[in-house]
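Before any comments, here is the structure.
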Amino acid sequence: MAIEIEFPDGSKATFPEGTTGLQVAESIGPRLAAAAVAAKIDGRLLDLTRPVTSGVFEVVTEATEEGRSVLRHSAAHVLAQAVLSLYEGAKFAIGPAIENGFYYDFDIGRPFTPEDLERIEEKMAEIVAADQPFVREEVDKSTALEIFADQPYKTEIIESVDESEVSGGDVVSLYRNNGFVDLCRGPHIPSTGRLKAFKLLRTAGAYWRGDEHRPQLQRIYGTAWESKKALEEYLHRLEEAERRDHRKLGPALDLFSFPSELGSGLAVWHPKGGLVRTLIENYSRETHADHGYQLVATPHVAKANLWETSGHLDFYADGMYPAMELDEHDRYYVKPMNCPFHVLIFRSSSRSYRELPLRLFELGTVYRYERSGVLHGLLRARGFTQDDSHIFCTRSQIGTELQSLLDFVLMVLRDFGFTEFEADLSTKNPDKWMGDPELWDEATDALRAALEAAGLDYTVAEGEAAFYGPKIDIHIKDAIGRRWQLSTIQLDFSLPERFDIEYTTSENTRARPVMIHRALFGSVERFFGILLEHYAGAFPMWLAPVQVEIVPVADRHLGYAGDVADRLQAAGLRVQIDETSETVGEKIRRALTAKTPAVLVVGDRDQEAKTVGLRLYEAEREERGVPVGDVVDRLTRLAQPPR
RNA sequence: GCCGGAGUAGCUCAGUGGUAGAGCAGCUCACUCGUAAUGAGCAGGUCCGGGGUUCGAAUCCCCGCUCCGGCUCCA
């Protein structure tokens with residue numbers, strides 16, 4: 001019986017039964033066949049070597065995300081094959097493709113060393129050179145259990161196969177190449193020779209099935225690409241990320257440091273970092289004040305009783321620093337969140353519907369006892385300052401409040417130079433929620449409507465919400481394409497109840513307000529770290545700690561340099577004169593190394609003509625003989641804050 | 001917290017049981033220079049901390065602290 005195939009462009013073709021995906025691709029063109037790594041029928045991925053069935057047929061090529069994922073998955077198999085052939089008695093667990101690469105988890109009774117990695121990579125190269133075909137096989141579970149009798153992790157996967165993704169029913173699929181066989185759903189590239197560019201990157205410990213109570217395996221991470229060029233580009237991106245690492249840039253630019261004397265995850269801010277941070281914080285306070293928020297302040301500690309009422313001691317105790325015992329009756333906790341304090345401000349007087357929405361804002365410094373292994377510079381610290389607000393509103397105000405809030409968030413993030421956003425909408429976890437189900441639905445709909453009104457791309461994270469309410473997380477894309485979660489908007493139906501807060505309605509009845517927790521930067525520290533990496537240390541001029549460095553050519557120009565500095569300072573710019581007795585080249589090098597946005601060189605000719613030499617960090621070349629008045633105007637414009 | 005790696009001058013690093021080193025940065029002096037490193041000199045160390053082995057420890061062993069890569073968790 002003939003097979004009828006429809007191509008993505010709508011055209012149709014008929015092939016004899018048993019035709020493989022590869023043969024179909026060849027019929028379209030030899031170049032397509034050479035780039036093909038898998039076939040897709042009605043959206044289902046299939047090995048190229050398998051016979052196709054009727055349906056919508058698509059060739060998956062190697063330079064697509066889907067194609068790379070097939071390559072990487074096959075690379076993981078070759079990795080496992082290499083490890084099993086090199087290490088007697090090695091156990092192998094799982095090895096999926098991941099973003100930018102792949103990994104495989106093993107147990108060889110000891111960790112891998114860098115030398116092991118080299119040996120394994122060589123072995124993998126041999127397997128690739130041998131161009132071994134991947135052969136798919138389907139067997140029933142009992143046969144599979146026999147094949148993997150000496151592989152406890154594979155055995156466990158086979159036994160749980162109903163829930164696993166390997167296959168359905170009693171049949172599991174295997175892939176063989178040479179003597180190596182692995183349990184796998186597929187698809188795979190036709191043969192190992194199609195792996196053109198791969199590299200093992202690092203090893204790390206990883207728990208079996210991600211559970212810290214189960215055995216720890218040794219994971220090998222690698223990357224694989226469709227070409228040597230793509231691999232090189234990826235490795236270059238990794239280097240670029242390393243170059244931008246805020247943990248290197250921060251101390252190098254004298255912004256902040258993490259003295260070990262303080263303890264893990266606790267930073268001190270040096271004058272330059274403190275200045276930038278203050279600029280960010282001032283922007284935040286002023287912008288909030290301009291958008292209907294009222295600024296409040298709350299202490300760093302509170303009695304155990306407060307945290308009992310709020311539920312933190314029940315649900316969040318692990319994340320809190322241990323109690324300070326003042327005497328046997330008074331236990332105080334350092335705050336891990338600001339919300340209970342803001343609730344108390346709400347409750348400090350009787351509230352009318354006329355006051356709602358009531359928006360309380362605070363740059364609130366909190367401390368969380370993060371597990372030592374998760375700390376990561378400013379991005380994950382133990383002490384940090386949230387740009388935290390709690391909005392108390394009526395149930396019917398939720399929708400409009402969320403819409404204006406989302407506009408506000410995007411405005412703020414754009415002000416800091418971010419242009420690409422995505423959101424996650426976390427919905428009710430059916431096993432873990434509290435409150436009124438109708439309120440949940442209403443609020444979730446309101447969040448969705450706000451996302452759509454803002455035109456934001458979002459994905460729904462089904463069941464990911466906290467027990468107390470649904471939320472939106474906003475991610476930005478940075479200068480090198482990395483995604484970072486910044487803002488979060490969370491609805492809370494729990495705290496108003498726990499603290500029993502109410503307002504008086506227009507009908508003179510009492511009603512419970514809804515709370516919205518929201519942070520735009522998330523934390524000032526984390527935001528600062530992300531900004532630093534986004535700009536690779538070269539802040540936009542309004543945030544640069546030193547905006548202008550003046551370089552006198554010789555000592556006799558110091559007086560004129562001072563005059564120019566005065567003019568710039570009077571215009572509100574942050575100026576510094578390099579008075580050291582270095583060469584002009586060296587002084588410029590220093591200023592540029594410090595990523596100063598503007599360098600002004602002044603010498604005899606400038607002093608004579610009342611001009612400066614202007615070199616902008618972003619510009620390729622300097623300009624000479626620019627009149628001082630012009631420089632003041634231009635730099636003032638460049639240094640203009642976003643609002 | 002767990003697994004692995006690391007910690008020597010402010011920074012980057014050399015030094016595998018026998019007198020602690022280099023480059024950069026810093027300071028002093030000379031040079032006064034037109035767009036990414038002028039030269040000379042000086043100073044700088046609890047070799048992460050504590051304990052042990054040894055005639056002798058930066059080096060070997062044990063415990064702890066901090067950092068890095070992951071797991072897990074998250075702003």
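Heavy atoms only: backbone and side chains are in, while hydrogens, waters and symmetry mates are out. Each chain gets a letter, A, B and so on, in the order the sequences are listed, and its residues count up from 1.
In this pair, Phe361(A) and His288(A) present their aromatic rings parallel. The plane angle is below 30°, not in the 30 to 60° band. Using cut-offs of 30° and 60° for the angle between ring planes, the Tyr367(A) and His300(A) rings count as tilted. Ring geometry for His376(A) against His246(A) counts as tilted: the plane angle lies between 30° and 60°, on a 0 to 90° scale. Classified by interplanar angle (parallel below 30°, tilted 30° to 60°, perpendicular above 60°), the ring pair Tyr468(A)/His517(A) is tilted.
Separating the C1' atom of G17(B) from that of A22(B) is a span of 23 Å, rounded to the nearest Å. Going from the C1' atom of U59(B) to that of U38(B) covers 40 Å, rounded to whole Å. A25(B) and C13(B) are spaced 14 Å apart, taking the C1' atom of each and rounding to whole Å. Between the C1' atoms of C11(B) and C67(B), the separation comes to 15 Å (whole Å). Here the separation of U8(B) from G50(B), taken at their P atoms, is 16 Å to the nearest Å. The gap from the P atom of G49(B) to that of C55(B) amounts to 24 Å, rounded to the nearest Å. With both ends at atom C1', the span from C27(B) to G18(B) equals 34 Å, rounded to whole Å. Separation of the C1' atoms belonging to C24(B) and C61(B) is 36 Å when rounded to the nearest angstrom.
Val553(A) comes within contact range of at least one nucleobase, with a heavy-atom separation under 4.0 Å. Among the protein residues, Arg556(A) comes within range of the sugar-phosphate backbone only, with heavy atoms under 4.0 Å from sugar or phosphate atoms but none that close to a base.
Look at Arg624(A) and you'll find a side-chain N or O under 4.0 angstrom from OP1 or OP2 of U35(B). Between Lys248(A) and U12(B) there is a side-chain polar atom (N or O) within less than 4.0 angstrom of OP1 or OP2. Arg247(A) has a side-chain polar atom (N or O) that falls below the 4.0 Å cut-off from OP1 or OP2 of G69(B). At least one side-chain nitrogen or oxygen of Ser264(A) sits closer than 4.0 Å to the OP1 or OP2 atom of U66(B).
In this structure, NZ of Lys595(A) is placed 16 Å from P of A36(B), rounded to the nearest angstrom. Between the P atom of G10(B) and the NE2 atom of His270(A) lies a distance of 14 Å, rounded to the nearest Å. Separating the OH atom of Tyr103(A) from the P atom of G4(B) is a distance of 20 Å, rounded to the nearest angstrom. Remark: P of C33(B) and CG of Asp604(A) are 8 Å apart, rounded to the nearest angstrom. Straight-line distance from the CD1 atom of Ile588(A) to the P atom of U38(B): 11 Å, rounded to whole Å. Distance, Asp116(A) CG to G5(B) P: 12 Å, rounded to whole Å. Here A36(B) presents its C1' atom at 14 Å from NZ of Lys587(A), a figure rounded to the nearest Å. The CG atom of Leu614(A) sits 19 Å away from the P atom of G34(B) (whole-angstrom rounding).
Set against A37(B), G69(B), U32(B), the side chain of Asp555(A) has U32(B) as its closest nucleotide. Among C31(B), C3(B), C68(B), the nucleotide with an atom closest to any side-chain atom of Ser581(A) is C31(B).
For the pair Arg219(A) and Tyr103(A), the cation-pi criterion (under 6.0 Å, within 45° of the ring axis) is fulfilled.
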Given protein heavy atoms under 4.0 Å, the one-letter contact record of nucleotides 70-75 of chain B, with B base, S sugar-phosphate only and - none, is simply BBBBBB
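Between the side chains of Trp208(A) and Asp105(A), no donor-acceptor pair is found at a separation under 3.5 Å. In the model, Asp424(A) has a side-chain atom that pairs as donor or acceptor with a side-chain atom of Thr459(A) under 3.5 Å.
Base pairing of C42(B) is made with G26(B), judged by Watson-Crick or G-U wobble geometry with both donor-acceptor distances under 3.5 Å. Across all strands shown, G1(B) forms a Watson-Crick or G-U wobble pair, both distances under 3.5 Å, with C71(B). With both pairing distances under 3.5 Å, A58(B) is matched to nothing as a Watson-Crick or G-U wobble pair. For U66(B), the paired nucleotide is A6(B), the pair qualifying as Watson-Crick or G-U wobble because both relevant distances are below 3.5 Å.
With values rounded to the nearest 0.5 angstrom, Ile280(A) atom CD1 is found 11.0 Å from Leu363(A) atom CG.
Salt-bridge annotation for Glu622(A) and Arg624(A): present, with a side-chain N of the basic residue lying under 4.0 Å from a carboxylate O of the acidic one.
Nearer to the 5' terminus of RNA chain B, by closest-nucleotide assignment, is the contact made by Leu217(A) (compared with the other of Leu217(A) and Glu586(A)).
Contact annotation: side chain of Asp606(A) to base of G34(B), donor-acceptor pair present below 3.5 Å.
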